[in-house]
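Below is one structure, written out as structure tokens, with a few remarks after it.
In this text, all values refer to a predicted model and were calculated from it rather than measured experimentally.
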Amino acid sequence: MVLTDVPPGRGVDAASTSDVVTELVVGSRVGDEAEAWPEALATPGPEREAALSALHELMLRAARSQVHRMATRLPGAGAVVLDELTHAAADGALAALLGKLDTFEGRSRFTTWAYKFAILEAATEVRRRAWVGRDVRLDDADLWADPGPGPAEVAEARDLAGAVRVALNEVLTTHQRRVAVALLVEEVPIDVLAERLGTTRGALYKTLHDARGRIRAHLTATGHLLPSQAGAR
């Protein structure tokens, strides 16, 4: 369900919605599309309801395009699933945009700004669905065990790999190691990992940042990185 005062398509007839869209996009009423949308959305009444309905339709178009573009990540997903993802993305994007409406600076068309919310939310929905039912490794299995020298391996590469393995096992906390392995090795989407661990994206970014700092410090201390290299990122 859309998080608006009046669900799209209800309480506002098609003619009034069309009129508002025409006025907003063409600018015949206000003259500036970048000002017209925020003004309409911030003004209670039928005008806001029509603008919300029109904006949701715009979100649906953008989300549908992005979901179908990423559909190859969801093998076996039929039209019903893709439609569910599209509507969930449009609803989430609309809610996110309304929460940040006061941050719109008018540097681009409002519709262009709105499309970005829908595309980002659609991509997140697809990635989240792609990980439904998939295991996220959170144990301390030694994923960095050296399988032995291969044709292309050189002594320096083996030495560095060993140093990284030691850093993972000895200088990181259990939580830091789990997060680093999940995000960097298993390539788990950060929003999926946050949901599984019951935490936030910001907290995971902080944990990963701290883990990288500890690993760089260890590699610098062991001579595998120069101080200039350690501070380059």
side-chain contact (heavy atoms from CB on, under 4.5 Å) between Y115 and M59, worked out: CA-CA 6 Å; Y115 259 81; M59 295 292 198; over 6 Å; no
From CA spacing to verdict: side-chain contact (heavy atoms from CB on, under 4.5 Å), H218, R214: CA-CA 6 Å; H218 174 81; R214 288 192 175 195; over 6 Å; no
Chi angles and distances behind the side-chain contact (heavy atoms from CB on, under 4.5 Å) call for T200, Y205: CA-CA 9 Å; T200 64; Y205 280 128; over 6 Å; no
side-chain contact (heavy atoms from CB on, under 4.5 Å) assessment of R129 paired with R73: CA-CA 9 Å; R129 179 60 66 97; R73 301 192 182 192; over 6 Å; no
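Considering every non-hydrogen atom in both F104 and P38, the closest pair reads CD2-CG, 3.7 Å. For the residue pair A194 and L204, the shortest heavy atom distance occurs at N-CD1, 3.5 Å. Of all non-hydrogen atoms in A63 and A118, the two that sit nearest each other are N-CB, 4.1 Å. Residues W113 and L101 come closest through the heavy atom pair CH2-CA, 4.2 Å. Here the closest heavy-atom approach between residue E121 and residue A89 is recorded as CG-O, 3.3 Å.
Looking at K206 and D210, a side-chain N of the basic residue comes within less than 4.0 Å of a carboxylate O on the acidic one, giving a salt bridge.
Clustering ILVMFWY residues whenever any of their side-chain heavy atoms sit less than 4.5 angstrom apart, transitively, puts I190 in the very cluster that holds W131. V188 and V179 end up in the same hydrophobic cluster when Ile, Leu, Val, Met, Phe, Trp and Tyr side chains are linked at under 4.5 Å. The cluster map of Ile, Leu, Val, Met, Phe, Trp and Tyr, joined by side-chain heavy atoms under 4.5 Å apart, puts V67 and L74 in the same cluster.
Separating the CE atom in M70 from the OG1 atom in T124 is a distance of 8.5 Å, to the nearest 0.5 Å. To the nearest 0.5 angstrom, T207 atom OG1 is 9.5 Å from L193 atom CG. The CG atom of L183 sits 5.5 Å away from atom CG of L208, with the distance rounded to the nearest 0.5 Å. With values rounded to the nearest 0.5 angstrom, E125 atom CD is found 12.0 Å from L82 atom CG. For the atom pair CZ of R127 and CG of D191, the computed distance is 6.0 Å after rounding to the nearest 0.5 Å. One distance of note links CG of L94 with CG of L58; it measures 10.0 Å at 0.5 Å rounding.
A donor-acceptor contact shorter than 3.5 Å is absent between the side chain of R48 and the backbone of A40. A distance-only check finds a donor-acceptor pair linking the side chain of Q176 to the backbone of T173 [under 3.5 Å]. No donor-acceptor pair under 3.5 Å is formed between the side chain of S53 and the backbone N or O of E49. Not a single donor-acceptor pair under 3.5 Å links the side chain of D83 to the backbone N or O of A79. Here the side chain of T112 pairs no donor or acceptor atom with the backbone of S108 at under 3.5 angstrom.
A 4.5 Å side-chain heavy-atom check between L55 and W37 finds at least one atom pair inside the cut-off. Between Q66 and V126 there is no side-chain heavy-atom pair separated by less than 4.5 Å.
A donor and an acceptor atom, one from each side chain of S65 and R69, are located under 3.5 Å apart.
Screening V166, V171, L172 for a side chain to side chain contact (heavy atoms under 4.5 Å, CB included) involving L168 leaves a single residue, L172.
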